[in-house]
There are 2 protein chains.
Amino acid sequence: MAADPLSRVFAALADPTRRDMVARLAGADATVGELAEPYDVSVQAVSKHLRVLEDAGLVSRSRDAQRRPVHLEAEVLDLMTTWIERYRRQAEERYRRLDDVLASMPDDVSPTHPTDDTTPGGNPS
Amino acid sequence: MAADPLSRVFAALADPTRRDMVARLAGADATVGELAEPYDVSVQAVSKHLRVLEDAGLVSRSRDAQRRPVHLEAEVLDLMTTWIERYRRQAEERYRRLDDVLASMPDDVSPTHPTDDTTPGGNPS
DNA sequence: CTCTTCCTCAACCGAATGGTTGAGGAAGGG
DNA sequence: CCCTTCCTCAACCATTCGGTTGAGGAAGAG
């Protein structure tokens, strides 16, 4: 498991159980047992999920007697939003520019400016 | 492969090659061959990656003679940002409230009635 | 010390993933 | 018609993943 950090975060959240854990941890810290309670899988399986989240930096586990309280490290989520927003914005920008090009494109036989025809040919219905 | 949409999108972007494809497609549509060129894997492997992105709704493939131009469908990215922002914000809010509690806590920590008041004694502000 | 509680480690298993190679369909160009 | 280009489908292989069970460590309670 030597993937880059971004891949680890995306992969960690690709599992609905892990996403649900993150959602619950956003409200309050919890112990492994508390986290495991709603799901009908073994506690070991939950511990494994927690380890995936921990390796992604999404979660940290401290020590309180026998308990291992789990805490959400929400800052890592910014890694993803930064990446996503970057390309969403770029695609949006390109789309906007494409609209401009189409708007200024005289469709080969209609040299008149076609930017005004929002409802061409009248409304049939 | 019957996962929920959100899982599919997260899983699709958990691979650095696929993320790179999305990044390039944000700039311009491309054919499978063009997309495959930078990577030293077979074209079939790239086609498989494209299929993962397509199943996630991130990409669409049309037909232009022998070409299969690939187009990025950036709106799906909002699915993720919505999910992420929801819990990032919730965690942030919880953190802010914890700060408030700590700020209003006097040195002597012996609350007579834990459930009675959010700001016991005189409110300093 | 013993016992119980909470949790993790290790080994194993079936299914999914990411890659390969080989065959073949679809759409033009000669 | 044949031939080339672009791409996908199918079969196969190694690795990873999500789950299980069994064993065991850590820290209080008796």
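Predicted model only: the values in this text are computed from it and were never measured. Chain letters run A, B, ... following the sequence lines, proteins first, then strands; residues in each count from 1. Heavy atoms only: backbone and side chains are in, while hydrogens, waters and symmetry mates are out.
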| To the nearest Å, how far apart are B:L50 CG and D:dC9 P? | 12 Å
| Which residue lies more 5' along DNA chain C, comparing B:A45 with A:P69 via nearest heavy atoms | A:P69
| Spacing between B:Q44 atom CD and D:dC13 atom P, to the nearest angstrom | 17 Å
| field | For B:R67, all residues meeting side chain to side chain contact (heavy atoms under 4.5 Å, CB included), sequence neighbours excluded | value | B:T31, B:D64, B:P69
| request: Mark yes or no for whether A:R63, through its side chain, and A:R68, through its backbone, hold a donor-acceptor pair below 3.5 Å. | output: no
| query | Starting at CZ of A:R67 and ending at C1' of C:dT8, how long is that distance when rounded to a whole Å? | reply | 16 Å
| query | Bend angle of the helix from C:dC1-D:dG30 to C:dG30-D:dC1 from five-pair axes at both ends, rounded to 10°? | reply | 10°
| query | Does A:S42 make a side-chain N or O approach to OP1 or OP2 of D:dG19 shorter than 4.0 Å? | reply | no
| Would you say a side-chain N or O of A:R61 is under 4.0 Å from OP1 or OP2 of C:dT8? | yes
| said: Below the 4.0 Å mark, does C:dG19 have OP1 or OP2 next to a side-chain nitrogen or oxygen of B:H49? | reply: yes
| said: Just to verify, what does A:Q90 make a side chain to side chain contact (heavy atoms under 4.5 Å, CB included) with, not counting sequence neighbours? | reply: A:Y87, B:A26
| remark: Quick tally for nucleotides 24-30 of chain D: nucleotides whose base has a protein heavy atom under 4.0 Å get B, sugar-phosphate-only ones S, the rest -, giving ---BS--
| task | Quick one: label B:S47 by what it contacts on the DNA or RNA (base, sugar-phosphate, nothing), any heavy atom closer than 4.0 Å. | result | sugar-phosphate
| Partner set under side chain to side chain contact (heavy atoms under 4.5 Å, CB included) for A:A30, not counting sequence neighbours | A:L25, A:E34, A:L35
| Spacing between A:L53 atom CG and D:dC17 atom P, to the nearest angstrom | 13 Å
| request: Send over the distance from A:E54 CD to C:dC9 C1', rounded to a whole Å. | output: 14 Å
| query | Between atom CD of A:E73 and atom CD of A:E54, what is the distance when rounded to the nearest 0.5 Å? | reply | 10.0 Å
| message | Could you tell me how far apart B:R51 (CZ) and C:dA16 (P) are, to the nearest whole angstrom? | response | 14 Å
| field | Of residues 9-32 of chain B, the positions that come close to DNA chain D - non-hydrogen atoms, cut-off under 4.0 Å | value | B:T31, B:V32
| Thinking salt bridges, do B:E85 and B:R88 make one under a 4.0 Å N-O criterion? | yes
